[in-house]
Amino acid sequence: MEINEETMVNGHYDAGQIKVLEGLEAVRKRPGMYIGSTSVRGLHHLVYEVVDNSIDEALAGYCDKINVFIHQDNSVTVIDNGRGIPVDMHETGLPAVEVVLTKLHAGGKFGGEGYKVSGGLHGVGVSVVNALSSYLEVEVRLNGKIYKIAFARGETVKKLTIIGETEETGTKVTFKPDEEIFEETVFNFDTLKLRLRELAFLNKGLNITLTDERTEQSQSFHYEGGIRSFVQHLNKNKDVLHPEPIYLIGIKDTTIVEIALQYNDGYVENIFSFVNNINTEEGGTHLSGFKIALTRAVNDYARRTNILKENDENLSGEDIREGLTAVISIKIQEPQFEGQTKTKLGNSEVRGIVDSILFDGLTEYFEENPAVTKKIIEKTVLASRAREAARKARELTRRKNALDISSLPGKLAD
């Protein structure tokens, strides 16, 4: 609903100025609310939204292959071997697949029966892609048949029809971003490659292939090591303090927490956090829980082993995370994200769950691997001393500069 601009000019304001945006019209009017922006970032977000639906099928245990194609005309096709979007009639009088693609807040992730864990929580993902595409086609392989339906800018242009027979199941979505909406409609192979590789790491055993028909490039991703392989990949050109990443997994109620971490001899911390495969770039409660537990576990061990003496200050979180590469991946039934682009997790209970699983796991690991732990703590203590020395040097320089400026008589100068 929005206020007519005429109101701003003549001050006249009544019911005639209230406009109700029906269905997908709201998405086309304010696309930034749903995909973050209409820049290149928002453009690639369209692909992620479609792929996320296939990933949800993988999380539910029904899909192990996803193929993504960038075509010559910069349209994109995503194919999975999941169950296929339902095609039976919905209570609205439309086939379920048409409801999913044309109605906001419609999907299989609300009741808890279709998906136990998923990234698509608001039911707007694929319908937003439909609204912002000049055309979108869906083929569903289900019940021994191939069904097809087509849309243009969110409107149904070809009703659901049966176009063939098959023994397979799955969904194929082809769409072309609308040039009226996006500043740029050319997809970048490397940008998509990074996200798809990330998803393959987060879902061990899943096969994802990206093919660019414009340049005939193709790349496949499949990692049996999961997030352990992810951490090793991030550290592949670095000298690591311990060859195998520390890997912890824990379950509390319906929340699954997976953490892999490995130290290198560098000075930069590199931490990635994910919720139901979604990269929470701004962190959130799971990242807070991770940082708190890591700091507590290292200080606790350093005190118990007398590396930190009674009068020593605790090691700071910043020093403990120096040279750390870590991946935190949690699976949760009802995540609360801040906004549709889902870059920050808000569930308060997750902080405590991650904290307790990581603290207990690290405490046990430190006890069982004293040689590795000693290297980690020595690096942390060095980082702490270096930071303290740098602070003193800064203070000395400031003091010297302040005294130079004050132009005291020679015999009183410092």
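Note that the coordinates shown come from a computational prediction; the quantities given were computed from them, not determined experimentally. We're numbering straight along the sequence, starting at 1. Side chains are part of it too, since the values below use all heavy atoms of this structure and drop only hydrogens, waters and symmetry mates.
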Would you say that [X] contacts [Y] through its side chain, given a criterion of any heavy-atom pair below 4.5 Å between the two side chains?
X      : Y      : result
Ile377 : Tyr301 : yes
Val231 : Leu261 : no
Arg387 : Asp319 : yes
Leu241 : Lys379 : yes
Ile376 : Ile246 : yes
Ser134 : Lys176 : yes

Please verify the inter-ring angle class for Phe230 with Phe272; under 30° counts as parallel, over 60° as perpendicular, anything in between as tilted. parallel

For Tyr48 and His44, take the angle between the two ring planes, folded into 0 to 90°, and tell me which bin it lands in: parallel under 30, tilted 30 to 60, perpendicular over 60.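 The rings of Tyr48 and His44 sit tilted, inter-plane angle from 30° to 60°.
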
Between Asn81 and Arg141, is the side-chain hydrogen bond (donor to acceptor under 3.5 Å, both in side chains) condition met? List the steps. CA-CA 9 Å; Asn81 65 345; Arg141 300 183 298 284; over 6 Å; no

Which of these, Thr285, Thr343, Val275, Ile330, sits in a side chain to side chain contact (heavy atoms under 4.5 Å, CB included) with Thr280? Val275

Just to verify, which of Leu43, Asp212, Val68 counts as forming a side chain to side chain contact (heavy atoms under 4.5 Å, CB included) with Phe187?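 Looking at Leu43, Asp212, Val68, the match for Phe187 under the side chain to side chain contact (heavy atoms under 4.5 Å, CB included) is Leu43.
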
Just checking, Arg197 and Phe221: is the charged tip under 6.0 Å from the six-membered ring centre and within 45° of the axis?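 No cation-pi geometry.
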
Looking only at side-chain N and O atoms, does [Y] offer a donor or acceptor that is under 3.5 Å from a partner on [X]?
X      : Y      : result
Asn279 : Arg195 : no
Glu244 : His242 : no
Thr255 : Asp253 : no
Ser133 : Asp178 : no

May I ask you to decide whether [X] forms a salt bridge with [Y], counting only side-chain N to carboxylate O separations under 4.0 Å?
X      : Y      : result
Asp312 : Lys309 : no
Glu388 : Arg394 : no
Glu367 : Arg304 : yes
Asp80  : Lys65  : no
Arg391 : Glu395 : yes

Is a side-chain N or O of Thr156 found less than 3.5 angstrom from the main chain of Lys158, in a donor-acceptor match? no

Is the number of heavy atoms from other residues, nucleotides or ligands under 6.0 Å of Glu216 CD greater than 12? no

For a side-chain hydrogen bond (donor to acceptor under 3.5 Å, both in side chains) check, start with the C-alpha distance between Asn277 and Asp52, then their side-chain angles and the critical distance, and finish with the verdict. CA-CA 8 Å; Asn277 292 313; Asp52 281 349; over 6 Å; no

Check step by step if side chain to side chain contact (heavy atoms under 4.5 Å, CB included) holds for Leu101 and Leu136. CA-CA 10 Å; Leu101 280 141; Leu136 183 144; 3.7 Å; yes

Give the C-alpha distance, both sets of side-chain angles, the deciding distance and a yes or no for side-chain hydrogen bond (donor to acceptor under 3.5 Å, both in side chains) between Ser316 and Glu318. CA-CA 5 Å; Ser316 75; Glu318 198 178 321; 5.4 Å; no

Non-hydrogen atoms of Phe274 and His286 that approach each other most closely: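 For Phe274 versus His286, the nearest heavy atoms are O-CD2, 4.0 Å.
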
